> 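My questions will all concern the structure given below.
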There are 2 protein chains.
Amino acid sequence: MVMNERLPQRSSPLESQIVEILVERIQSGVYPVNSRLPSESELAAEFAVSRTTVRGALGTLATNGLVKRRHGVGTFISPATRISNPLNEVINFAELITGQGYAFGFRHIGARFRPAEPGVSEALGLAAGAEILEVSKAFTADGVPVIYTVNLIPPHLFEQCYSRQDMLQPGATEPLYEFLEGACGQRIEQYVATVRPSIARNILIHDQPPEGDPLLPVLVIEEVAYNGSGVPVLFEIEYLLGDRMKFDLVRRRRFSNR
Amino acid sequence: MVMNERLPQRSSPLESQIVEILVERIQSGVYPVNSRLPSESELAAEFAVSRTTVRGALGTLATNGLVKRRHGVGTFISPATRISNPLNEVINFAELITGQGYAFGFRHIGARFRPAEPGVSEALGLAAGAEILEVSKAFTADGVPVIYTVNLIPPHLFEQCYSRQDMLQPGATEPLYEFLEGACGQRIEQYVATVRPSIARNILIHDQPPEGDPLLPVLVIEEVAYNGSGVPVLFEIEYLLGDRMKFDLVRRRRFSNR
DNA sequence: CAGTGGTCTAGACCACATG
DNA sequence: ATGTGGTCTAGACCACTGG
């Protein structure tokens with residue numbers, strides 16, 4: 001009945017595949033904003049799956065704000081509700097910066113091996129005082145640094161593939177997610193982060209203060225990254241300079257499902 | 001078989017009731033940290049519900065970090081993983097402040113009716129320039145203001161119960177959630193928030209700067225509150241003074257279910 | 001191998017909104 | 001009265017982990 005027929009294949013969970021298909025349709029405008037989706041039963045028939053499976057997928061979309069469900073009425077494509085830079089998702093800095101209309105750039109600041117602070121080694125499950133690799137970078141919008149990151153990476157992640165010298169080269173770990181997934185076999189699934197405000201003059205990146213106004217507000221995110229098995233992988237500190245960046249967040253009551 | 005037998009009653013969804021029961025057991029230590037929970041089938045039998053229903057409840061607990069599931073092994077009570085002040089949940093300021101060991105206090109700063117800014121009236125679905133009630137408060141820790149809030153409340157919410165004069169009295173809307181739920185019949189289910197850092201000297205609450213160091217970092221949360229039907233209820237601005245407060249956040253990849 | 005969680009189904013019934 | 005989403009069941013099969 002539908003052009004561009006695409007039915008789910010086995011191999012990954014049907015529910016995830018249906019999420020993908022529906023996201024495609026929403027983003028490509030097959031389902032226009034504010035329109036009503038086909039009913040759960042219709043989608044179930046179209047995809048040849050049970051209504052339960054369709055409901056799971058729609059639940060995921062609703063949780064992520066793409067869709068709004070109304071009991072007794074239907075499921076609707078959310079209007080502009082698309083949250084722009086969700087703080088509770090993993091951020092892709094390149095997308096973030098280009099998405100706001102700036103030219104994206106990357107700058108190496110420094111890399112070195114040093115002993116981990118007690119808090120860091122504990123969070124990563126390392127021996128007290130174990131050495132870690134510290135890599136500091138800046139990301140620029142139209143040439144102006146707007147994000148600084150400090151990554152603290154345990155050497156056991158990469159030392160089977162790379163020498164210490166390799167790792168000190170500018171850009172060796174950039175982009176970070178691809179480096180971790182490709183070279184280290186670690187896929188980051190989740191961060192546990194602490195968020196606080198600060199001022200540019202109160203922070204140091206690789207022993208240097210950030211460029212620009214020392215009174216610029218800064219959003220500081222300190223976080224531990226975990227892989228899919230719940231094992232801590234690395235420690236990361238992000239400094240988001242407040243001038244040009246805004247972040248959104250959906251906040252809910254606890255245990256309010258989806 | 002189990003002491004303190006408590007079986008779910010109908011009336012609210014079984015799944016939610018099972019969540020509550022399990023949370024009680026976890027918090028009261030019936031299931032100690034790191035211990036394995038009974039298997040899904042055992043719980044299903046105990047509660048006399050289907051395994052599907054138990055799984056839903058366990059999924060909610062896993063999403064909220066109380067529990068860690070391991071395929072082929074079991075479901076385990078998470079260790080200290082309890083996130084302290086989750087930024088993605090609705091914050092109860094009194095709990096937040098007392099929970100960090102300070103004495104909680106509340107201070108009325110001002111209340112007035114004024115026309116809404118275009119951004120606010122649009123977000124709340126009001127006519128351009130409609131009048132709203134602005135209520136400004138401070139919350140103190142050991143007497144020191146650590147949180148300021150500005151609530152922008154559309155008059156239609158309360159004008160059937162209260163006069164405008166009533167609403168201008170100090171504490172008329174405090175605690176806010178109880179006021180909204182009791183007097184206005186509005187239960188807040190969700191906020192869509194924007195988070196940014198700032199500096200104390202850059203903000204004004206009821207025409208006054210905050211007390212204390214003008215260079216104090218401030219976390220600013222601007223948010224629209226929605227009720228369960230997705231209707232915007234009020235606009236709120238929170239100023240979290242960065243000195244004593246920390247906030248945590250779990251960040252995930254998009255569409256990674258639970 | 002046995003036991004666990006992960007996925008999926010088909011069908012039932014309910015609660016809600018709308019005409 | 002109809003059709004929608006919300007809840008729940010019983011049972012099947014799969015995938016993973018551990019002894």
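Values in this document were obtained by computation on a predicted structure and should not be read as measured data. In the text below, chain A, chain B and the rest are named by the order of the sequence lines, each starting its count at 1.
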> Roughly how many Å is it from CG in B:Leu43 to P in D:dC8, rounded to a whole number?
16 Å
> Have a look at A:Thr75 and say if it touches a base, only the backbone sugar-phosphate, or nothing, with a 4.0 Å heavy-atom cut-off.
sugar-phosphate
> Given D:dT4, C:dT9, D:dA10, which nucleotide is nearest the side-chain atoms of B:Ser50?
D:dA10
> Using whole Å, report how far CG of A:Leu14 lies from P of C:dA10.
11 Å
> Does any non-hydrogen side-chain atom of A:Ile153 lie less than 4.5 Å from one of A:Thr173?
yes
> To the nearest angstrom, how far is B:Leu37 atom CG from C:dT4 atom C1'?
13 Å
> Assess A:Arg196 against B:Phe247: is NZ or CZ under 6.0 Å from the centre of the six-membered ring, and within 45 degrees of the ring's axis?
no
> In whole Å, I'd like the distance from the CZ atom of B:Arg69 to the P atom of D:dC16.
16 Å
> Which parts of nucleotides 11-19 of chain C does protein reach within less than 4.0 Å, heavy atoms only, written one letter per nucleotide 5' to 3' as B for base, S for sugar-phosphate only and - for none?
-B--BBSS-
> Look at the side-chain N and O atoms of B:Thr53 and state whether any lies under 4.0 Å from the OP1 or OP2 oxygen of D:dT7.
no
> To the nearest 0.5 angstrom, please state how far the CG atom of A:Leu22 sits from the CD1 atom of A:Ile26.
6.0 Å
> Quick one: which of B:Glu236, B:Glu89, B:Glu238, B:Glu222 gives a side chain to side chain donor-acceptor pair (under 3.5 Å) with B:Tyr191?
B:Glu236
> May I ask you to test the B:Gln190-A:Arg253 pair for a side-chain heavy-atom distance under 4.5 Å?
no
> Between C:dG6, D:dT7, D:dT9, which nucleotide has the shortest distance from any of its atoms to the side chain of B:Glu40?
C:dG6
> To the nearest 0.5 Å, how far apart are CD in B:Glu46 and OG in B:Ser41?
13.0 Å
> Could you state the CZ-P distance from A:Arg36 to D:dG3, rounded to the nearest angstrom?
11 Å
> Are the side chains of B:Arg164 and B:Glu131 in contact, using a 4.5 Å heavy-atom criterion?
yes
> Once you round it to whole Å, what is the distance between P of D:dA10 and CZ of B:Arg55?
17 Å
> Specify the separation, in whole Å, of atom NZ of B:Lys68 and atom P of C:dG5.
14 Å
